[in-house]
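First the structure, in the form of structure tokens, and then the observations on it.
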Amino acid sequence: MAVAEMPDEPAVKANPSGPATGLAARQATRRRSFGIGVPIARSRFLMIAVAVFAGLGLAWWAATGLELVKPIFLPSPASVVTQLGKLWADGTLLIDLKASIYRISVGFLIASALSIPIGVLIGSFRTWEAAIEPLVDFIRYMPVVAFVPLSILWAGTSDAQKFLIIFIGTFFQQVLMIMDNVKRVPADFVGLGRTLGLPDRKILTRIVVPSALPGIWDTLRISLGWAWTWLVLAELVAATSGLGYRITVSQRYFQTNTIIGYILLLGMLGLITDQVMKALGKALFRQDSRS
């Protein structure tokens, strides 16, 4: 009995450029873009960041333009910009900026100049760590706000009082973070120095400190953001100029447009200084992968 042969079915070839394949490629790209630790292009990064700021600005404009919020609680963007323009025109804004930038620069530099050698010392030698670290750890839990009245008694109402508040708010945190940066230096590096017969002083200056510098720079960048906060706190009391002082004065007269404007200005200054520190870190420590 003959068996009828069935005709072969034509083979269906997948089109690599078809819609299904294109959709799968887009989904794979999307998964890669949102994966943990997956890098993205700098242009994409900037686009996302700008979109977030633009979205918040549009929401603010819509909430005030549609009168969903009363101006006493949230003034319009136009009102804030106009008020800042007036303060700039009469010189008030420039005076406040100069005073605040001067205070944070001096206070932060004093705190950093002292915290770096102490942090390196206690991060390298256990004896010094036992002597200093518990005390620093104890003081850093004390609220900085509680030192404001004491700082006025100790240093008066001059700029020295503002320097002191910034110092208290940043120094003790910096010391412990720098200590951790130094402790992260691989022990093999120190062992290599001992193998080469280097004394502790040279191991510290030629191996430990250069290896810890990228982390120390990141610590300074992060603590600079805290310094802006403590600066405003210092200027809220016993000051006659500065961004924090102007916020306090505006609060008394319900000038919320000035308050919001100065808060936004503080955020902008903090963002600028952070980006400058980040860019300098990349330029100074190109060999470090964390940059």
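Here the structure is a predicted model, which means the values were calculated and not measured.
Judged by distance alone, the side chain of K162 and the main-chain N or O of T157 form a donor-acceptor pair under 3.5 Å. The backbone N or O of S112 sits less than 3.5 Å from a side-chain atom of S115, completing a donor-acceptor pair. Within the 3.5 Å criterion, the main-chain N or O of L121 finds no donor-acceptor partner in the side chain of W128.
Of all non-hydrogen atoms in N181 and A212, the two that sit nearest each other are O-CB, 3.9 Å. Heavy atoms only, all atoms of each residue included: L204 and P210 are closest at O-CD, 4.2 Å. Residue S211 comes nearest to P214 through the heavy atom pair O-CD, 3.6 Å, listed as atom of the first residue, atom of the second, then distance. Contact detail for A227 and I166: the closest heavy-atom pair is CB-CG2, 4.1 Å. Counting all heavy atoms, side chain and backbone alike, I165 lies closest to W230 at CG2-O, 3.6 Å. Between F171 and A111, the shortest heavy-atom distance links the atoms CD1-O, 3.6 Å.
A salt bridge (Lys or Arg N to Asp or Glu O under 4.0 Å) check over residues 100-125, counting only residues at least two apart or in different chains, returns the pairs R103-D159, R103-E235. Legend: side chain to side chain donor-acceptor pair (under 3.5 Å) pairs involving residues 188-197, not counting sequence neighbours, sorted by first then second residue: R194-D200. Contacts classified as salt bridge (Lys or Arg N to Asp or Glu O under 4.0 Å) and involving residues 245-263 (residues at least two apart or in different chains) are given here: D96-R246. Screening residues 135-156 for salt bridge (Lys or Arg N to Asp or Glu O under 4.0 Å) gives D137-R140 as the qualifying pairs, with residues at least two apart or on separate chains. Screening residues 145-156 for salt bridge (Lys or Arg N to Asp or Glu O under 4.0 Å) gives no qualifying pairs among residues at least two apart or on separate chains.
Atoms CD1 and CG, from I132 and L176 in turn, are 11.0 Å apart once rounded to the nearest 0.5 Å. One distance of note links CE of M142 with CD1 of I168; it measures 10.5 Å at 0.5 Å rounding. Summarising the geometry, atom CG belonging to L264 is positioned 12.0 Å from atom CD1 belonging to I259; distances are rounded to the nearest 0.5 Å. Atom-to-atom distance recorded for I178:CD1 and I122:CD1 is 9.0 Å, nearest 0.5 angstrom.
The 12-atom threshold is exceeded at CD of Q275, counting heavy atoms of other residues, nucleotides or ligands nearer than 6.0 Å. Environment of CZ in F189: sparse, with no more than 12 heavy atoms of neighbouring residues, nucleotides or ligands closer than 6.0 Å.
Among residues two or more places apart in sequence or in another chain, the salt bridge (Lys or Arg N to Asp or Glu O under 4.0 Å) test is passed with D180 by none. The side chain to side chain donor-acceptor pair (under 3.5 Å) test applied to S223 returns Q174, not counting sequence neighbours. The salt bridge (Lys or Arg N to Asp or Glu O under 4.0 Å) check on R126 picks up E129, with sequence neighbours excluded. Shown here are the side chain to side chain contact (heavy atoms under 4.5 Å, CB included) partners of L46, two or more places apart in sequence or in another chain: R42. The side chain to side chain contact (heavy atoms under 4.5 Å, CB included) test applied to A155 returns A160, Q161, not counting sequence neighbours.
Through side-chain heavy atoms spaced under 4.5 Å, either directly or across other Ile, Leu, Val, Met, Phe, Trp or Tyr residues, Y253 is tied to Y245, V249.
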Side-chain donor-acceptor pairs under 3.5 Å in residues 63-78, sequence neighbours left out?
residue, atom, partner, partner atom, Å
T64, OG1, W60, O, 3.0
T64, OG1, W61, O, 3.2
S76, OG, S79, N, 3.2

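Taking the six-membered ring for Trp and thresholds of 30 and 60 degrees, F147 and W154 have ring planes inclined between 30 and 60 degrees apart.
Side chains of L280 and W217 form a contact here, defined as non-hydrogen atoms less than 4.5 Å apart.
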